[in-house]
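As the structure is a computational prediction, the values presented were derived from the model and not from experiment.
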Amino acid sequence: MRPDTPAENVDHTAEAARLERTAGLYPEDAEALLLQAAAHLELAGDRPAASTLYDRLLSTSDPLDSPHLVRALKAANLWEYGHEAEARAIIDGIRTAAPRDPAPWVIVAESLESHDELEAAQETFTEGVRLLLTDASEPPYATHPLLFGRHRVRRMLGVAHDDWDALADSLHSSPISLDELHDPKRVWSLGSDNPEELAAEISRLRAELGTYREALSRPFPVAVLHWPNQELTELLAAYPPLAAEYPSHEEHLATIEASLRELSASGTPNLGIVTGTVPSYEAFAASEATTPSDTALLPQYATTLAARGRAIVWPPQRGESCWCGSGRGYEGCHGVTN
């Protein structure tokens with residue numbers, strides 16, 4: 001999540017420096033921490049320093065969880081301080097790469113929109129929607145901003161509603177419709193002398209604020225802990241009492257899928273999977289002043305990883321690789337239905 005507190009209320013430069021120091025202490029969380037640090041630098045007005053952090057992430061030898069997200073943020077930042085050509089090149093590269101994560105699509109489309117490239121913004125939003133939602137039975141929460149952003153841009157362009165716009169309308173929970181919130185003429189009501197028009201605009205602003213607060217307060221996923229085969233072997237060799245929890249790796253994987261399906265069937269939303277590592281787990285146990293052999297620590301560790309933004313959404317989108325790391329598509333692996 002990117003901070004949005006005005007610069008006059010927070011020393012964003014100092015906060016960025018603190019996050020950089022923290023990233024050095026917790027390398028497994030460096031990507032998320034440095035992205036937050038870069039956002040603080042942007043808010044402080046130091047966009048070149050923010051670009052340096054994005055470059056630092058992109059040049060690391062360690063694989064990134066969300067490389068396209070980092071590139072999208074870099075492009076949006078570059079454009080804001082005059083590097084339009086480079087920003088456009090990065091945006092074109094992201095569109096060509098067609099990432100399965102909605103966040104990069106939203107960021108680059110909104111960047112185009114903010115620079116009055118409305119046709120290009122609509123095309124980008126639409127590409128993301130088609131890629132991620134064509135075969136989806138129900139749009140995952142993370143894809144809602146794609147649909148809402150597309151609706152907004154198309155409203156500004158004055159084009160007729162299509163099926164994707166209708167879907168955005170159906171997902172919108174505010175008492176004020178998307179058509180009203182995205183009305184291009186709204187700006188005129190701010191300068192109106194008509195008390196009714198001003199009152200209506202205040203209601204619209206309150207609705208938007210409510211939606212924004214809801215998005216910020218949305219809980220992190222209910223996450224199930226996954227150990228890759230090598231990590232689980234190392235874990236059980238170091239802490240044999242955990243063998244009762246994990247009889248075999250195959251059973252561990254089957255239990256994860258069964259648990260998530262059961263949670264889904266019970267109506268639990270926002271499900272995810274977090275992947276553990278032995279060093280990270282040992283550090284967590286030390287921070288809790290307990291032994292890694294304590295099975296009660298496992299769900300706490302999973303919750304902590306989810307709160308750090310380490311969870312991947314379950315189930316994977318159609319065509320994506322299985323969460324287990326087999327390299328096969330989810331539908332042909334743990335997504336097989338009996």
* Compute whether any side-chain donor of one residue and acceptor of the other, for E282 and Y239, lie under 3.5 angstrom apart. => yes
* Asked: Going by atom types only, do D179 and H161 share a side-chain donor-acceptor pair under 3.5 Å?
  -> yes
* Without hydrogens or angle criteria, can the side chains of Y301 and S280 be said to hold a donor-acceptor pair below 3.5 Å? -> yes
* ring-ring contact (aromatic ring centres under 6.0 Å, His included) between W227 and Y281, worked out -> CA-CA 11 Å; W227 296 99; Y281 180 60; 5.7 Å; yes
* Asked: Is a side-chain N or O of H40 found less than 3.5 angstrom from the main chain of E15, in a donor-acceptor match?
  -> no
* To do: Using the test salt bridge (charged side-chain N to carboxylate O under 4.0 Å, His left out), find all partners of D165 that sit at least two apart in sequence or belong to another chain.
  => R150, R154
* To do: Verify the distance criterion only: is there a donor paired with an acceptor across the side chains of H151 and D169 at less than 3.5 Å?
  => yes
* Could you check L41 against Y54 for side-chain contact (heavy atoms from CB on, under 4.5 Å), going step by step and ending with a plain yes or no? => CA-CA 11 Å; L41 290 171; Y54 294 134; over 6 Å; no
* Run the salt-bridge test on E31 and R56 with the 4.0 Å N-O cut-off and return the result as yes or no. => no
* Asked: Taking the six-membered ring for Trp, are H252 and H249 parallel (under 30°), tilted (30 to 60°) or perpendicular (over 60°)?
  -> tilted
* To do: Could you verify whether a donor N or O on one side chain and an acceptor N or O on the other, from E257 and W314, lie under 3.5 Å apart?
  => yes
* **Lys/Arg N to Asp/Glu carboxylate O, E28 vs R310, below 4.0 Å** => no
* **Donor on one side chain, acceptor on other, Y330 and W323, under 3.5 Å** => no
* Taking atom CD of E84 as the centre, report whether more than 12 heavy atoms of other residues, nucleotides or ligands fall under 6.0 Å from it. => yes
* To do: Apply the test salt bridge (Lys or Arg N to Asp or Glu O under 4.0 Å) to residues R152 and E110: give CA-CA distance (whole Å), side-chain angles for both, the deciding distance (0.1 Å), then the verdict.
  => CA-CA 10 Å; R152 180 180 61 249; E110 288 184 347; 3.7 Å; yes
